[in-house]
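Here the structure comes first, spelled out in structure tokens, and everything after it is commentary.
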Amino acid sequence: SRSMKRRIILAVSIAIAACMTACNQPEAPSAEPVLPSGTGPVAPVAPDTQTVPPSEEPVSGKQATIYRDKWGVPHIYADTDAAAAFGLGYAQAEDRLTDIYANARIATGTAAEAFGEGDVRTDFAMQLVRNADVARQSSEEAPDYLRELLENFAAGINEYVSQHPEKKPDWAIQFEPWHSTAIGRAMIMRWPLGTIFDDLGNKKKRDPVGRSNQWAVSPKRTATGGAILLTDPHVEWEGMQVFYEARVHGNKLHMNGFFLVGSPMLGFGHSNHVGWAPTTGGPDTSDVFEVKIDMADLLKPKYEIDGQWHEFKTGQMKVAVKGGETKTQPRFETELGPVFDVDLENKIAYIGASPYFGDAGLFEQTYRMLLAKNTDEFYDAVGMNALMEQNIMFADTSGNIQYVRNGRTPVRNREFDWNAPVPASSTSIWNDIHPIADLVQIKNPEQGYMQNCNISPDNMMKNSPLTPD
């Protein structure tokens, strides 16, 4: 409930042993993405799936079957990935319909219209980074096999609503396929936006966003002879970080773990071959540049870089507010990113810059992570650098354990202090990100284990080789 204000910690654990719970699951097909069969939404799941106790026969739709175990967790089986996505959308709607619509509101920058003044700042932030626009375009340009997953997931949600119209809140918006991309990207944006606001405050020490734990143990230290991996995110009872547990089995995709509500792609958990565990932490991925401005002509405001003046791309952001007046703010955009703050007295604008702002590759990367058959293939998928800055541990059924301090990290000039605003110039502006090979990482440490609870990599194990130098 959004009305709950008390903050409590939710600890969720996933243990992945040698068989990775795949002993009784079908073998995953080739990791090469291909277009799933079928071109439209699959047939609806039967309407009484919500009332199936474990002691009774599962209810089947024409192409998907939803079991619920004694804890109510859905186990979804289908012959195609599209049908599995439809079943997941239906199950999520059955369990968390209000949260689906709330997340869609947050991701599209329209939450204040439904919930009031408290969401105005978030709405402006989502509009400033054009979350809805980037997500919509990315979904339209996505490969057919990803677009079909998004379309069928949305169709599953809307099918449940058509069967239970009384469950739909009056403030809900029609859920569309691209909303899943917007929700995933909104979650990603928490990290670069947080870093930018830190830089604006000239903060030299950054506290992690959230708390969490992870550890991995190699076969040489386990009684089972297989790798063991655990993730323990600490989240509140409110907001996007309240995940949804499910097990979903299609043709290629086998997803076991926790999903963002409103998304058909696994956030963390395991496939039939590889499991992964995230904790908050990671490299500095975003910056603030300062530029001189000329506001003499308010219709054509300008900014200066290396003695050259450029016109801002201007616009206006609007946020409707429940029970109040619509609020507006100007938008100033540059080649580096949008303006986050302006010092009119000193004629300086502060531009937020992040390689995440133009990226929406999260679903493509997650899809490849799910098809990986070992840690090497998983590592290659993580190399797309679409996940937010995180400590990522992963393990496979062959017993390998691996770690990457993940994030879209700019290739910066080290002469500058990047914990505070940096004057924009040809010597400071970055144009590329580090490949995954440049990031802090280790595979199969000789210690036979590693752990991270939002700490520096040099404390992840005894005599850690991951030192600051």
Side-chain angles (χ1 to χ4, degrees), residues 121 124-131 133-134 188-209 281-317 329-359 385 388-389 405-435 438-440 468-469:
R121 188 169 183 262
F124 276 129
M126 288 294 99
Q127 292 186 30
L128 189 62
V129 298
R130 296 188 178 276
N131 195 59
D133 295 339
V134 174
I188 296 290
M189 286 298 110
R190 294 178 65 206
W191 278 262
L193 287 173
T195 300
I196 285 169
F197 285 119
D198 279 351
D199 285 354
L200 285 170
N202 296 318
K203 295 180 179 177
K204 301 297 183 180
K205 181 178 184 300
R206 297 190 177 117
D207 293 326
V209 181
D284 179 351
T285 63
S286 306
D287 297 306
V288 173
F289 290 103
E290 60 179 54
V291 293
K292 294 179 181 178
I293 56 174
D294 179 357
M295 306 293 283
D297 185 349
L298 293 179
L299 296 179
K300 294 183 178 181
K302 300 177 181 179
Y303 64 97
E304 183 265 337
I305 297 178
D306 287 338
Q308 299 293 317
W309 289 92
H310 311 266
E311 286 189 16
F312 284 106
K313 182 179 179 182
T314 60
Q316 192 176 63
M317 302 180 291
Q329 281 190 7
R331 182 208 305 273
F332 300 94
E333 292 183 280
T334 74
E335 60 188 280
L336 305 178
V339 171
F340 277 72
D341 196 10
V342 176
D343 180 348
L344 290 175
E345 182 179 353
N346 294 301
K347 298 181 179 181
I348 295 175
Y350 296 94
I351 300 166
S354 175
Y356 285 103
F357 285 170
D359 183 71
N385 283 319
M388 62 280 202
E389 53 206 69
R405 193 167 181 259
N406 168 83
R408 293 181 74 83
T409 311
V411 179
R412 300 179 174 96
N413 185 332
R414 296 187 179 184
E415 294 179 1
F416 296 94
D417 175 10
W418 294 99
N419 289 317
V422 171
S425 69
S426 57
T427 58
S428 65
I429 295 171
W430 41 259
N431 297 297
D432 203 355
I433 63 172
H434 285 278
D438 290 352
L439 304 180
V440 178
D469 57 357

Taking all heavy atoms of [X] and all of [Y], pick out the closest pair and write down the distance.
X	Y	value
P355	P410	CD-CG, 4.1 Å
Y356	G407	OH-CA, 3.5 Å
S428	W418	O-CH2, 3.2 Å
A424	V291	CB-CG1, 3.6 Å
N346	D343	ND2-OD2, 2.7 Å

Between [atom1] on residue [X] and [atom2] on residue [Y], distance to nearest 0.5 Å:
X	Y	atom1	atom2	answer
K302	W309	NZ	CH2	8.5 Å
N385	N406	CG	CG	6.0 Å
L336	I305	CG	CD1	4.5 Å
M295	F332	CE	CZ	4.5 Å
Y303	Q308	OH	CD	11.5 Å
T195	D287	OG1	CG	8.5 Å

Within a strict 4.5 Å, meaning less than it, do heavy atoms of the [X] and [Y] side chains meet?
X	Y	answer
S286	F357	no
Q316	P330	no
I433	T409	no
M317	L128	yes
R130	E333	yes
L193	M126	yes
T314	P301	yes

Could you check F289, F197, Y350 and say which one makes a ring pair (Phe, Tyr, Trp, His ring centres under 6.0 Å) with F340?
F197
Take V422 and R412 through the side chain to side chain contact (heavy atoms under 4.5 Å, CB included) test and state the conclusion after the steps.
CA-CA 11 Å; V422 171; R412 300 179 174 96; over 6 Å; no
Just by modelled atom types, is the [Y] backbone N or O under 3.5 Å from a matching donor or acceptor in the [X] side chain?
X	Y	value
N413	T427	yes
R190	M388	no
E304	G307	yes

Under the side chain to side chain contact (heavy atoms under 4.5 Å, CB included) criterion, do V134 and V129 qualify, and how do the steps go?
CA-CA 9 Å; V134 174; V129 298; over 6 Å; no
